[in-house]
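Step one of this worksheet: look at the structure below.
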Amino acid sequence: MPYDTKSQSFGENPTKYLPANHWIIRQFGNYQPDGHTGMDFAVKAGTPFRSCADGTVIHVGWYPGTYADNDMWLAPGFAGFCYVVDHPWGRSIYGHGLDGGNKVRAGDQVKEGQVLGLTGNTGGSTGDHLHFELLLNGWIVNSQFYGRVNPEDVISTLAPAGEVITHTPDEQFFLDLSISIP
């Protein structure tokens with residue numbers, strides 16, 4: 001799978017100029033007026049994806065309640081069947097997974113590269129893909145991207161000194177992620 005399966009970058013806002021009667025706006029509203037809060041990878045439903053780093057799984061499934069019920073402003077239902085992993089440096093969020101495709105449960109300790117689940121098309125999704133977000137410690141929820149940071153910027157800074165990071169095919173991203181977080 002070529003790296004160009006990245007279907008939406010962090011900060012992009014493809015709905016910005018759509019008219020109010022466009023089907024996406026009617027279906028989902030202008031849900032990202034300030035821009036996209038993560039990265040999307042268009043991959044076939046059922047593609048395994050892995051944890052970006054060691055951590056503790058704190059959520060697997062549909063996110064309940066309202067924005068006020070959670071400290072991360074995860075849109076209830078919008079992320080679909082999602083995963084949240086707590087790391088010493090922050091949290092990683094994986095959205096729109098295959099309902100029931102989970103390979104981990106809340107409370108599990110996971111290692112970098114461990115399969116969390118399978119990609120899907122759940123929640124506020126218009127096609128098969130994985131949505132990936134990062135929240136670094138000290139995030140500010142009431143901010144332009146609800147505390148999210150560009151995963152590409154963070155991941156590229158996590159390599160040991162002297163190591164060059166190059167983008168690998170998405171299949172490698174999902175199946176052989178080898179990014180180390182100090």
Side-chain angles (χ1 to χ4, degrees), residues 1 3 5-10 36-64 70-76 78-125 128-139 145-160 163-182:
M1 238 179 283
Y3 185 72
T5 60
K6 182 172 71 169
S7 57
Q8 189 173 9
S9 295
F10 181 87
H36 193 230
T37 60
M39 293 173 62
D40 286 348
F41 296 89
V43 292
K44 185 177 176 182
T47 301
F49 63 91
R50 298 178 181 260
S51 179
C52 68
D54 294 357
T56 303
V57 178
I58 60 174
H59 178 81
V60 174
W62 292 80
Y63 218 90
N70 67 82
D71 67 343
M72 297 175 287
W73 277 21
L74 277 174
F78 197 80
F81 197 87
C82 69
Y83 302 73
V84 180
V85 180
D86 191 44
H87 310 282
W89 47 265
R91 293 181 178 165
S92 56
I93 301 167
Y94 310 81
H96 309 299
L98 184 66
D99 193 343
N102 51 304
K103 306 300 181 189
V104 296
R105 297 182 304 225
D108 286 355
Q109 298 293 312
V110 294
K111 292 292 193 185
E112 175 185 318
Q114 182 175 338
V115 172
L116 299 175
L118 305 175
T119 61
N121 183 17
T122 58
S125 174
D128 297 351
H129 74 286
L130 175 73
H131 175 87
F132 175 62
E133 295 186 352
L134 293 178
L135 288 138
L136 301 183
N137 287 338
W139 69 77
F145 296 109
Y146 306 100
R148 276 63 170 170
V149 296
N150 186 342
E152 286 186 309
D153 292 345
V154 173
I155 289 171
S156 67
T157 66
L158 297 175
E163 183 176 337
V164 176
I165 295 293
T166 57
H167 291 295
T168 58
D170 281 336
E171 186 168 69
Q172 293 296 316
F173 177 84
F174 289 110
L175 302 177
D176 297 321
L177 187 62
S178 60
I179 296 165
S180 295
I181 296 182

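In what follows, residues are counted from 1 in the order of the sequence shown.
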Would you give me the side-chain donor-acceptor pairs under 3.5 Å for residues 54-61, sequence neighbours excluded?
{"residue": "Asp54", "atom": "OD1", "partner": "Glu112", "partner atom": "N", "Å": "2.6"}
{"residue": "Thr56", "atom": "OG1", "partner": "Gln109", "partner atom": "OE1", "Å": "3.2"}
{"residue": "Thr56", "atom": "OG1", "partner": "Gln109", "partner atom": "NE2", "Å": "2.8"}
{"residue": "His59", "atom": "NE2", "partner": "Gly61", "partner atom": "O", "Å": "3.0"}

Query raised in the report: Quick check: does any side chain N or O of Asp86 sit under 3.5 Å from a backbone N or O of Arg91, one acting as donor and the other as acceptor?
Result: no
Query raised in the report: Within a strict 4.5 Å, meaning less than it, do heavy atoms of the Val85 and Leu116 side chains meet?
Result: yes
Query - Exercise: identify the closest heavy-atom pair between Ser92 and Phe132 - result: CB-CE1, 4.1 Å
Query raised in the report: Could you state the interatomic distance from OG1 (Thr119) to NE2 (His96), rounded to the nearest 0.5 Å?
Result: 11.5 Å
Report summary line: Heavy-atom nearest pair, Tyr94 first then Arg50, reads CE2-O, 3.8 Å
Query raised in the report: By side-chain contact (heavy atoms from CB on, under 4.5 Å), which residues pair with Leu98, not counting sequence neighbours?
Result: Leu118
Query raised in the report: Does any N or O in the side chain of Asp128 come within less than 3.5 Å of the main-chain N or O of Ala45, such that one atom is a donor and the other an acceptor?
Result: yes
Query raised in the report: Do you know which two heavy atoms are closest between Glu133 and Gly38, and how far apart they sit?
Result: CG-CA, 3.9 Å
Query raised in the report: To the nearest 0.5 Å, how far apart are SG in Cys82 and CG in Asp99?
Result: 11.0 Å
Query - Shortest non-hydrogen contact from Cys52 toward His87 - result: SG-NE2, 4.0 Å
Query - Pairwise distance CG(Leu135) to CH2(Trp89) - rounded to 0.5 angstrom - result: 9.0 Å
Report task. Over all heavy atoms of both residues, which pair between Val104 and Asn102 is shortest? Give the atoms and the distance, please. Result -> O-ND2, 3.2 Å
Query raised in the report: Are the aromatic ring centres of Phe49 and Tyr83 under 6.0 angstrom apart?
Result: yes
